[in-house]
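I have placed the structure first, in the form of structure tokens, so that the comments after it can refer back to it.
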Amino acid sequence: MNKLMTATDVVAQLRDGMTIGFGGWGPRRKPMAIVREILRSDLKDLTVVAYGGPEVGMLCAAGKVKKLIFGFATLDAIPLEPWYRKVRESGALELLELDEGMWQWGLRAAGMRVPFLPTRCGLATDVTKLNPELKTITSPYDDGEVLLAMPALKLDVALVHVNAADQLGNTLITGGDPYFDHLVARAADACYVSAERVEERFALTAAEARFNTFERYLVKGVVHAPCGAHPTACDPEYGWDMAHLKRYVASAAEDGGWQAYMDEFVTAGEAAYQDKNGGVERMGKLPLPVF
Amino acid sequence: MNKLMTATDVVAQLRDGMTIGFGGWGPRRKPMAIVREILRSDLKDLTVVAYGGPEVGMLCAAGKVKKLIFGFATLDAIPLEPWYRKVRESGALELLELDEGMWQWGLRAAGMRVPFLPTRCGLATDVTKLNPELKTITSPYDDGEVLLAMPALKLDVALVHVNAADQLGNTLITGGDPYFDHLVARAADACYVSAERVEERFALTAAEARFNTFERYLVKGVVHAPCGAHPTACDPEYGWDMAHLKRYVASAAEDGGWQAYMDEFVTAGEAAYQDKNGGVERMGKLPLPVF
Amino acid sequence: MSDKVEFSLAELMIVAASEAWRGDGEVLASGIGVIPRLGASLAKLTHGPGLLMTDSECFLVEDPIPLGPRGDFVPKYSGSMNFERVFECVWGGQRHAMIGPTQIDRYGQTNLSVIGDYKKPKAAILGVRGLPGNSINHINSFIVPSHSKRVFVEGEVDMVSGVGYNPARWEPGMRQDFMAIRHIVTDLCVMDFEGPEHAIRVRSLHPGVSFDEVQEKTGFPLLKAPNLGETPHPTAAQLTLIRRLDPHDLRAAQLKGNPPGMRAAA
Amino acid sequence: MSDKVEFSLAELMIVAASEAWRGDGEVLASGIGVIPRLGASLAKLTHGPGLLMTDSECFLVEDPIPLGPRGDFVPKYSGSMNFERVFECVWGGQRHAMIGPTQIDRYGQTNLSVIGDYKKPKAAILGVRGLPGNSINHINSFIVPSHSKRVFVEGEVDMVSGVGYNPARWEPGMRQDFMAIRHIVTDLCVMDFEGPEHAIRVRSLHPGVSFDEVQEKTGFPLLKAPNLGETPHPTAAQLTLIRRLDPHDLRAAQLKGNPPGMRAAA
């Protein structure tokens with residue numbers, strides 16, 4: 001069994017109209033190498049499910065997003081994601097805007113194969129008012145509490161960037177925070193991971209095995225992608241690339257800025273992308289942000 | 001802030017009729033030093049919530065259990081817990097016998113302060129037939145699936161044995177499996193932990209901090225209890241004490257066997273208990289079981 | 001011409017057990033108990049390399065761990081599978097467990113809790129354990145070391161812990177489509193639920209065992225699978241693997257008297 | 001006789017912010033943004049040693065971490081608080097967060113999502129983030145660096161992201177008893193919700209600020225707290241702690257022009 005494939009192979013599995021979930025959080029450990037491959041493709045009408053960072057912005061800029069299922073889009077140190085903002089303000093997006101807790105709870109419901117999980121997050125806000133398809137449910141017990149039935153958020157595909165993987169699809173997330181990638185992976189029919197390092201077969205100690213957060217049977221493909229989260233951070237390997245993010249942010253204020261960004265960074269492929277960013281020597285040494 | 005106290009102090013907080021949840025799993029990492037202190041007390045009419053091991057058997061033997069909320073009672077390598085068995089067969093126990101998944105799901109509901117969480121575990125079995133207070137709930141979405149609404153399992157007290165704690169109530173569970181202690185702790189009004197080692201104040205590296213699985217604000221008391229899980233195992237410190245477990249098991253087949261066990265091991269206090277078991281020198285070196 | 005190899009009944013059952021996981025692809029194979037664990041391990045080493053398996057504690061391994069003491073040998077792991085993670089596998093459905101219930105009925109419902117009256121039982125066993133959740137969420141198989149009417153009961157099992165194909169238990173709206181019972185391996189035969197409306201069929205008889213003997217020791221009518229034949233004998237290659245997986249011969253203690261696979265003439 | 005210490009308006013607001021957590025005991029104090037984070041850190045170092053606090057990434061610390069670059073200094077931790085764990089704190093209710101919403105209305109409802117029409121907004125901001133879940137599950141306070149009618153809007157906020165005390169939003173059966181809004185700290189004053197039916201009251205005015213100015217810059221009627229006085233000035237001790245917590249003076253960049261705490265005469 002060998003799940004190794006290229007980012008091109010991954011994107012060849014995707015179809016217009018698919019619902020795609022992304023791991024990571026904002027400018028942290030996003031599968032950007034695969035995102036760039038999507039940007040190079042003709043894919044369109046995607047439903048994007050994410051704790052959004054530049055993957056959301058870029059896919060919106062490229063006109064590939066029909067619907068966004070999200071709690072936010074941000075670049076953190078740059079709070080406002082500029083291309084999300086631009087496309088959001090154009091009225092072009094369908095939206096299911098959810099509390100962060102609702103978002104992960106819906107993914108958990110999908111992974112557990114239950115139709116909903118109850119929460120009170122979202123009640124008494126415009127989340128429920130704007131999304132009448134979200135139903136309430138009443139506790140069958142004496143308390144009779146009215147809760148929100150967060151529906152399962154089923155994904156066609158999950159895209160996740162990890163620190164290490166093997167050819168069987170075992171993965172390790174070694175940074176301080178695993179975020180919610182395990183829930184994203186379990187909610188999908190197929191999870192594709194990109195990894196800083198790929199081994200043939202893991203032979204882990206007990207201490208190392210703890211970094212495995214989801215099951216290999218979820219993983220249909222493994223892409224070797226050193227610096228594959230750039231320009232997002234990949235704890236503990238490298239931090240985000242503030243210089244590149246600023247360049248990307250500036251593109252939203254320029255006429256033809258997105259095409260210029262695509263021409264400069266994306267269209268010529270990942271190797272050229274790395275060259276343009278100082279190569280993995282520079283990209284792999286970007287300092288981790290300090291808070 | 002200093003939460004350090006003795007097992008006697010912990011038991012002084014308990015009241016007849018309380019609902020007490022136990023961490024661990026079967027013969028693994030049970031807070032037995034605190035259990036022995038309960039055995040020395042007059043407490044009665046307890047509702048015990050556990051993935052049961054000898055704590056369930058001993059509390060049943062002592063006549064202290066009114067109701068058992070459980071999925072099993074076992075000593076693993078000795079499959080049948082003898083005192084659970086004896087008391088179970090006497091008809092003396094009220095029961096809420098749950099699927100293992102329902103049990104943890106009910107604790108999670110309590111910790112999240114929702115009245116229930118849906119599951120299909122338990123449907124079409126005698127769990128639902130025997131416990132008509134467990135209600136079903138229908139998905140408000142088009143699927144209309146009928147699920148079981150697992151009610152929140154609220155605890156008065158959680159008792160958990162951990163590897164290390166500090167005086168603020170921060171805890172570390174360093175064994176391979178943290179079991180479900182974090183859910184037990186969160187479901188309770190008050191969690192008391194016993195720990196192999198207690199420091200004044202943790203100063204952990206990132207790698208060490210990962211062993212902290214639940215929040216100190218849940219912890220009302222910390223007991224320094226080296227070998228405090230004996231005769232259960234405490235990975236990675238020591239394994240279960242098969243010789244002692246066999247002695248305990250034999251007590252269920254003897255006339256007056258429980259009183260004899262109490263007289264021999266429990267009544268004279270924890271220091272005497274340790275002497276009877278070869279001291280912490282022997283107890284702390286019991287080999288970990290191999291499977 | 002086939003090799004004439006000697007094998008115990010336990011070894012025949014291990015090989016029969018391993019067949020349960022054939023074709024499952026990447027699922028967590030949970031063989032609970034010596035024969036099921038060896039069956040799952042054998043499956044992983046032969047027809048099912050994609051199976052996920054643990055070290056029986058909390059780590060995943062690609063090389064099944066031999067049973068029993070192993071000196072200083074420390075295995076290498078491929079991932080994590082602590083108890084909390086096992087539930088994710090259960091609820092996600094990607095698991096096939098083989099367990100040894102105390103009672104099984106014609107519907108495949110199982111009991112691990114009590115024998116006799118629920119409130120004041122004749123014998124308390126373990127409790128429902130994970131049977132309700134496992135049985136409704138993923139594939140299951142059963143191991144029965146001693147095939148008798150005490151196991152294969154006449155009516156329903158005394159306490160339904162694990163779901164089965166009993167229509168009376170399934171109310172409208174409940175999803176029955178995630179459950180599946182694959183095989184039952186006993187010391188007499190292998191059975192499945194592939195009869196009409198999931199009726200139990202005997203699919204193979206162990207050497208020297210007749211269908212009538214099996215029926216006699218079963219509390220409900222059994223069907224014969226159309227191609228009912230003899231349970232395949234372990235091959236030399238399979239026995240080599242079994243010996244490597246069970247160096248301390250724990251399999252010899254699983255069946256009373258550790259009978260040979262080929263029954264002595266009466 | 002009090003020490004005559006000089007302090008910036010940002011420093012006054014940091015001290016005011018720290019008061020929000022007074023008496024909370026052991027809750028996770030989440031100060032989002034420079035002034036709230038310094039306020040929470042100051043609270044932990046003074047009246048609230050029991051507060052839980054992170055390093056702003058995923059670990060708990062007992063010594064609040066100074067802001068900004070810290071050379072080779074590697075903090076020591078007291079526990080783990082990754083994002084998944086934060087939700088356990090939120091849903092369990094043991095948290096008090098101070099955030100900076102884009103809009104706040106008289107009910108304490110907050111908006112962080114969009115300004116203007118939801119479908120085609122005038123300005124997209126961040127999204128609802130964790131506001132719906134935080135606001136209904138635990139105590140919250142707000143920071144407003146620039147008190148104006150653009151923040152304190154006349155009607156309801158444009159997109160209700162965080163719940164408040166608006167009876168029209170709460171339907172029968174919904175639990176409102178886990179929410180509580182404690183303080184709003186602005187560049188003009190400190191407010192609370194302790195008026196009748198949770199009406200907003202001004203509880204202190206910053207030096208040189210009049211109630212009328214505050215009312216003028218607010219889109220709804222405000223009450224005066226009975227003991228309305230001047231926002232306490234930072235003490236020398238508090239300023240020492242603040243300087244230690246913010247060695248790179250990030251607080252100086254929080255308010256336009258970094259005005260002094262004592263307003264210059266007009």
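No experiment lies behind these values; they were computed from the predicted model shown.
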Heavy-atom distance under 4.5 Å to chain A: side chain of D:Ser80, backbone, both or neither? neither

What residue, out of D:Ser113, D:Gly162, D:Pro69, has the most heavy-atom pairs lying under 4.5 Å from chain A? D:Ser113

Let me know if A:Lys86 has heavy atoms under 4.5 Å from chain D in its side chain, its backbone, both or neither. neither

In A:Glu196, A:His230, A:Arg28, the residue satisfying side-chain hydrogen bond (donor to acceptor under 3.5 Å, both in side chains) with A:His161 is A:Glu196

Turns out that what part of D:Arg37 lies under 4.5 Å from chain A's heavy atoms comes down to side chain

So which of A:Leu130, A:Leu183, A:Val290 has the biggest tally of heavy-atom pairs under 4.5 Å with chain D? A:Leu130

When you look at D:Phe193 and D:Tyr107, which way does the ring-ring contact (aromatic ring centres under 6.0 Å, His included) test go after all the steps? CA-CA 9 Å; D:Phe193 287 78; D:Tyr107 305 109; 9.8 Å; no

For A:Trp25, which atoms come within 4.5 Å of any heavy atom of chain D: side chain, backbone, both, or neither? side chain

Heavy-atom cut-off 4.5 Å, strictly under: side chain, backbone, both or neither for A:Pro178 against chain D? side chain

For residues A:Leu117 and A:Arg108, determine if any side-chain heavy atom of one lies less than 4.5 Å from a side-chain heavy atom of the other. yes

Between A:Asp45 (side chain) and A:Lys67 (backbone), is there a donor-acceptor pair under 3.5 Å? no

Given a strict heavy-atom distance threshold of 4.5 Å, which part of D:Val114 is in contact with chain A: side chain, backbone, both, or neither? side chain

Among A:Gly122, A:Pro289, A:Gly175, A:Gly71, single out the residue with the greatest number of heavy-atom pairs under 4.5 Å to chain D. A:Gly71

Just give me the residue among A:Glu145, A:Glu97, A:Arg85 that pairs up with chain D most often, heavy atom to heavy atom, under 4.5 Å. A:Glu97

For the pair A:Phe180 and D:Phe87, name the ring-plane relationship: parallel under 30°, tilted 30 to 60°, perpendicular over 60°. perpendicular

Would you say the side-chain atoms of D:His147 and D:Asp187 include a donor-acceptor pair closer than 3.5 Å? no

Chain A contact via D:Ala168 - which portion, at a heavy-atom distance below 4.5 Å: neither

ring-ring contact (aromatic ring centres under 6.0 Å, His included) assessment of D:His138 paired with D:Phe178: CA-CA 6 Å; D:His138 60 69; D:Phe178 294 134; over 10 Å; no

Quick check: does any side chain N or O of A:Tyr51 sit under 3.5 Å from a backbone N or O of A:Glu100, one acting as donor and the other as acceptor? yes

Top of D:Val157, D:Asn82, D:Asp55 for chain A proximity - count of heavy-atom pairs under 4.5 angstrom: D:Asn82

Set out, in order, the CA-CA distance, both residues' side-chain angles and the distance that settles side-chain hydrogen bond (donor to acceptor under 3.5 Å, both in side chains) for A:Ser251 and A:Trp83, then state yes or no. CA-CA 9 Å; A:Ser251 75; A:Trp83 277 107; 2.9 Å; yes

Determine whether the side chains of D:Glu26 and D:Gln94 contain a donor N or O and an acceptor N or O closer than 3.5 Å. no

Counting heavy-atom pairs under 4.5 angstrom with chain A, the leader among D:Ser161, D:Gly68, D:Ser56, D:Ala123 is D:Ala123

Let me know if A:Leu95 has heavy atoms under 4.5 Å from chain D in its side chain, its backbone, both or neither. side chain

Using non-hydrogen atoms and a 4.5 Å limit, figure out which bit of D:Asn137 sits close to chain A: side chain, backbone, both or neither. side chain

Contact part of A:Glu94 toward chain D, heavy-atom cut-off under 4.5 Å: side chain, backbone, both or neither? neither

Is the D:His198 ring parallel, tilted or perpendicular to the D:Tyr165 ring (thresholds 30°, 60°)? parallel

Using heavy-atom distances under 4.5 Å, tell me whether D:Phe83 contacts chain A through its side chain, its backbone, both, or neither. both

Using non-hydrogen atoms and a 4.5 Å limit, figure out which bit of D:Ile136 sits close to chain A: side chain, backbone, both or neither. both

